[in-house]
Undergrad: 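Below you'll find the structure I mean.
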Protein chains: 2
Amino acid sequence: MWSRAAGRDGLDGMTIRLEHAVLSRLPKPPHKIDTRSLLERLRGAGIRTNMRALQRLLVKLEADRLVSCDASTKPYQWSWGEEQHVEFPPMSAETALSVLMAQEHLRHLLPPPTLDDLKPRARRAEQVLASSKAFRSWRSKVTVVPRGLAVVPPAIEPEVVRTVYRALFEARQLTADYKLRGKCDYRRFDINPLGLVVREGVVSLISTRSGTTRFQQLHLHRMRAPSLTTAKVIVPTGFDLQRYVAQGKAAYVLAEEPIALELLVSSLVADTLSEVKLAQDQALEPAEDGRYRVRATVRDTIDLRGWLKSYGPHVEVVGPGRIREEIRAELAQAAARYVDR
Amino acid sequence: MWSRAAGRDGLDGMTIRLEHAVLSRLPKPPHKIDTRSLLERLRGAGIRTNMRALQRLLVKLEADRLVSCDASTKPYQWSWGEEQHVEFPPMSAETALSVLMAQEHLRHLLPPPTLDDLKPRARRAEQVLASSKAFRSWRSKVTVVPRGLAVVPPAIEPEVVRTVYRALFEARQLTADYKLRGKCDYRRFDINPLGLVVREGVVSLISTRSGTTRFQQLHLHRMRAPSLTTAKVIVPTGFDLQRYVAQGKAAYVLAEEPIALELLVSSLVADTLSEVKLAQDQALEPAEDGRYRVRATVRDTIDLRGWLKSYGPHVEVVGPGRIREEIRAELAQAAARYVDR
DNA sequence: CGCAGTGCGTCAAAAACTGACGCACCCGAA
DNA sequence: TTCGGGTGCGTCAGTTTTTGACGCACTGCG
């Protein structure tokens, strides 16, 4: 009995190594690399070869359309060829699915150039999925719906999208016309962009006014005629978008400090709250009158007020007294609207 | 002056073609292919080669760790090797960014095996982004926040996630224990799964009871001990998840038919509605008393009621009368809660 | 104008590949 | 059990490709 791979068959394999090494070091078309640098980078990676061999290999790869050559200047400049993409093993159905889902669901979360980069891969993904019914149909089996009322998100000018995303990406300041809430006219703003918040289709730019540290939240659909400036973004010390949002600051905070909320809720609402909690520290206990007492430490935001009111008689605010009083007043006022007629 | 590529240097390039052809036809490890089938598939693709040459090439590629061989049975079985992935041109920063964003934001939207498939690519993506500050920092510049109140999404058992997603993916029915709203005990359900809806962290399964056509919406966090059955999913004729959701059915519809909503709103709310519309056909006009009259055709859902109430005195329902009456009654009731004390 | 840097033709030597065997081994059918 | 076909692989001579080492043509630069 002889063992596998005992004898040699004269095959080397070094050539594949070299080809792959070269291919993986070639930049995409906008960029290019001259033969000498390429050789040095290969040497740096421990691949022993020489100028002539490399030249020959590159010509060979060019014939295969894998690389293309700019021969207009003498140290020839090489870059990736027209063959869009070579990938082994071929794109799996799993990957194809993620690509397509990404394209569908990350629209507002990626810079436009990155979305463009997704397109050719999405086309290949479609082809891959064509042969797998289960994967193909998955896309029609999941969806995201907004929590609240279904609304029609406002349109944003493509120009605004491009410029704002670019400013944010390149960390550059910008100026733009902005329509303040309730006003009809636009005003020019100097914007120091810090982060983007997507909220049910409404895209807002968290920023400071250039030169100040006052935060402002600009909705992209109210913006017009943006233009980049040369100034770099100045990030306030300690600023962190996740934290900013986690503190509820993207949601019209009414008070800096969290509040100790106390409610009396019907069993219906209690059921919901037992699953979807208001806060990590939420406490829920039966009250005397068949209702339930809820305590939780939350941020005082406009949304909180809206949420409290939306349940009508099913939610009664016990404390803080300030909020109880406000809700009481609003309910009285609202009820008054319906008195006559 | 001689022209480029005039003389031949003896290089062929056919070998690269063959290598790539072989590599691109190799399946990933769980699957495998024997030498003969591979040869036939190559022949089918118009590549003339022979058994011996293919065997030699495969051995060579194996030495390069590009393919691996199962030599336990005689027609050797070949599959992709340990070299995780070969890709030219190398992963771009754009691609890396989409991969990482996908992993972060598509958690509930992809079947678990697809998420697993993302992991190795995400690792490479991290490496790629390590050298590009702009791309790396993008992730900390965008975020998604829920529209309404920030809440803590309920936890879902991993077992439930796995099984439900698998059932949906493979289009198979399942059974599971489910805790009905407000009840404490679990009941066994036969589930014919149709689609998944993600709603601010709450994942719900749109389904029918097996053998019936009555829709039910099951929240994954209320589910326990799921198990697949052998029955295939039966899709009701005409069912389409997107349409189902677009009709607001995932949001507790109260009436089948859309309603003609008419409101009187304060200028504050009118401002908002001029940007974020209730419906495509929304009409907005000034009313006599300084308020604005809004007309729109919308679905009558629980969320609509909540939305209407959340604005307190800023929104008055004019019609339909039925809803006006309900809101009036609720407001009166709610206001009464705050009367004494 | 001269010189260094590049690309490429050339050519002989070296290496790799091919095709055509034959043998060893496995496996299923007779 | 035997037998024959299917596979994998060693071998070897003939062929093809690659390599290494020139030299020349051309470019850009001082």
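Worth saying up front: this structure is predicted, and the values here are computed from it rather than measured. Every chain is numbered from 1, with letters handed out A, B, ... down the list of sequences.
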Undergrad: Between dT7(D) and Thr35(B), is there an OP1 or OP2 to side-chain N/O distance shorter than 4.0 Å?
TA: no
Undergrad: Taking atom C1' of dG19(C) as reference, at what distance in whole Å does atom CE of Met51(B) sit?
TA: 15 Å
Undergrad: Rounded to whole Å, please give me the gap between CZ in Arg36(A) and C1' in dA4(C).
TA: 11 Å
Undergrad: Does the side chain of Gln55(A) pick up a donor-acceptor pair with the side chain of Arg52(A) at under 3.5 Å?
TA: yes
Undergrad: How long is the line joining CG of Leu58(B) and P of dC9(D), in whole Å?
TA: 10 Å
Undergrad: For the pair made of CD in Glu19(A) and P in dT17(D), what is the distance, rounded to whole Å?
TA: 14 Å
Undergrad: Going by modelled atom types, is there a donor-acceptor pair between the base of dG9(C) and the side chain of Arg52(A) at under 3.5 Å?
TA: yes
Undergrad: Leu39(B) CG to dT18(C) P: how many Å, rounded?
TA: 13 Å
Undergrad: Looking only at side-chain N and O atoms, does Lys60(A) come under 4.0 Å of OP1 or OP2 in dT18(D)?
TA: yes
Undergrad: Using whole Å, what does the distance between atom P of nucleotide dT10(C) and atom CD of Gln55(A) come to?
TA: 16 Å
Undergrad: Between Arg139(B) and Glu126(B) (salt bridge meaning N to carboxylate O under 4.0 Å), is one present in this structure?
TA: yes
Undergrad: Indicate whether OP1 or OP2 belonging to dT18(C) is found under 4.0 Å from a side-chain N or O atom of Asn50(B).
TA: no
Undergrad: Does one side chain, of Asp117(B) or Thr95(A), offer a donor that lies under 3.5 Å from an acceptor on the other?
TA: yes
Undergrad: Could you check how far CG of Leu61(A) sits from P of dT18(D), rounded to whole Å?
TA: 11 Å
Undergrad: Is there a donor N/O on one and an acceptor N/O on the other, under 3.5 Å, for the side chain of Arg56(A) and the base of dG7(C)?
TA: no
Undergrad: Which atom pair, heavy atoms only, marks the closest approach of Asn192(B) to Val233(B)?
TA: OD1-CA, 3.3 Å
Undergrad: Quickly work out the Leu57(A) CG to dT17(D) P distance and round it to whole Å.
TA: 16 Å
